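Read the structure below first, then the notes.
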Amino acid sequence: CEGQDATGKVSVDIVNNSVQAIVNPVVNYSINGQNVQKDTFMGTIDAGDTATLFLDKINSQLSSGNNIIKIFVNSNDNYRNNDASNTIHIAKFNTIGTLPYFQNFEQNNGSFVADGDNNSWVWGLPMKRNIKGSVSGKKAWVTDLTDKYNSYENSYVAFGCIDMIEPFGTPMISFQH
């Protein structure tokens, strides 16, 4: 969450699948399709071993909401099968610091983030046969604005951290649906 110490560190496991050691492999990455950046694992990774490189700069470069990080490892050897790429999703949330907190989604999506497998969650004006609005207005988070959720869907909607440092008695979270 913004304003909080980042507890999650982004790391890349570099696996050496070759029969020889690799020296100083380079990790290239881009965040949300922006300029490619690089970091280097300084050292030697023996054949069959794995090393971890922490990408310390990534957390400060994430924007609020979903972030897509594309990673490509160049092992600096002649064995192209030793190179790999991957795409990861990281969500960064705003910290909700003012209590009580209320969100009815009429002005914006509340900085909520939808993700998951075969995700159909969207924020907007629902026009379904059985959902025509929301509890306190017209806009809402729903699975598809006009149709049902996707087959084989395993998705979710997440929202920011709530700072409950201030003494407000017994904390309570309530949802209307």
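Not measured: the values here are computed from a predicted model. As a basis for the values below, the full set of heavy atoms in this structure was taken, side chains included, without hydrogen atoms, waters or symmetry mates.
Side-chain heavy atoms closer than 4.5 Å link hydrophobic residues (I, L, V, M, F, W, Y) into clusters, and following such links, even through other members, never connects Phe72 to Ile22. Following chains of ILVMFWY side-chain contacts shorter than 4.5 Å, one cannot reach Val113 starting from Val122, and the two form parts of different hydrophobic clusters. Residues Phe41 and Val10 share a single hydrophobic cluster, defined by chaining ILVMFWY side chains whose heavy atoms lie under 4.5 Å apart. Phe159 and Val142 are assigned to two separate hydrophobic clusters, defined by single-linkage of ILVMFWY side chains at heavy-atom distances under 4.5 Å.
Inspection of the Asn67 and Asn32 side chains reveals an N or O donor paired with an N or O acceptor under 3.5 Å. A donor-acceptor pair shorter than 3.5 Å cannot be found between the side chains of Ser18 and Gln20. Residues Gln37 and Gln61 have side chains that bring a donor and an acceptor to within less than 3.5 angstrom of each other. Side-chain contact of Asp13 with Thr50: a donor-acceptor pair under 3.5 Å is absent, judged by distance alone. Side-chain atoms of Trp121 and Ser155 form a donor-acceptor pair, as typed in the model, at a separation below 3.5 Å.
Looking at Trp141 and Asn109, their side chains come closer than 4.5 Å, going by heavy atoms from C-beta outward. By the 4.5 Å heavy-atom criterion applied to side chains, Leu145 and Leu125 are not counted as neighbours. No side-chain heavy atom of Asn16 sits less than 4.5 Å from a side-chain heavy atom of Asp46. Inter-residue side-chain proximity for Glu153 and Thr143 is flagged as met; some heavy-atom pair is nearer than 4.5 Å. Using a 4.5 Å heavy-atom cutoff, the side chains of Leu55 and Val12 are in contact. Counting heavy atoms from C-beta outward, Phe112 and Trp123 have side chains that stay 4.5 Å or more apart. Side-chain contact between Asp115 and Asn66: present, with at least one pair of heavy atoms (C-beta onward) separated by less than 4.5 Å. Residues Ile71 and Asn28 fail the side-chain proximity criterion, which asks for heavy atoms closer than 4.5 Å.
Here NZ of Lys138 is found 9.5 Å from CE of Met127. Values are rounded to the nearest 0.5 Å. Considering CD1 of Ile88 and CG of Asn86, their distance stands at 7.0 Å, rounded to 0.5 Å. Rounding to the nearest 0.5 angstrom, the gap separating the OG atom in Ser120 from the OH atom in Tyr149 is 9.5 Å. In this structure, CD1 in Ile131 is found 11.5 Å from OG1 in Thr146, a value given to the nearest 0.5 Å.
For the pair Ser134 (side chain) and Ala140 (backbone), a donor-acceptor distance under 3.5 Å is absent. Within the 3.5 Å criterion, the main-chain N or O of Asn118 finds a donor-acceptor partner in the side chain of Asn150.
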Given side chain to side chain contact (heavy atoms under 4.5 Å, CB included), test Ile14 with Thr52 step by step and report yes or no.
CA-CA 6 Å; Ile14 305 168; Thr52 301; over 6 Å; no

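The local environment of CG in Asn35 is sparse, with at most 12 non-hydrogen atoms from other residues, nucleotides or ligands closer than 6.0 Å.
In terms of heavy atoms, Gly110 sits closest to Gln103 at CA-NE2, 3.3 Å. Minimum interatomic distance between Lys139 and Glu106 (heavy atoms only, all atoms of both residues): N-OE2, 2.7 Å. For the residue pair Leu53 and Thr40, the shortest heavy atom distance occurs at CD1-O, 3.9 Å. Closest approach of Tyr29 to Ile58, counting heavy atoms only: CE1-CG1, 3.6 Å. Annotation for Lys128 and Asp144: closest pair CE-O, 2.6 Å, computed over non-hydrogen atoms. Counting all heavy atoms, side chain and backbone alike, Ser136 lies closest to Phe102 at OG-CZ, 4.3 Å.
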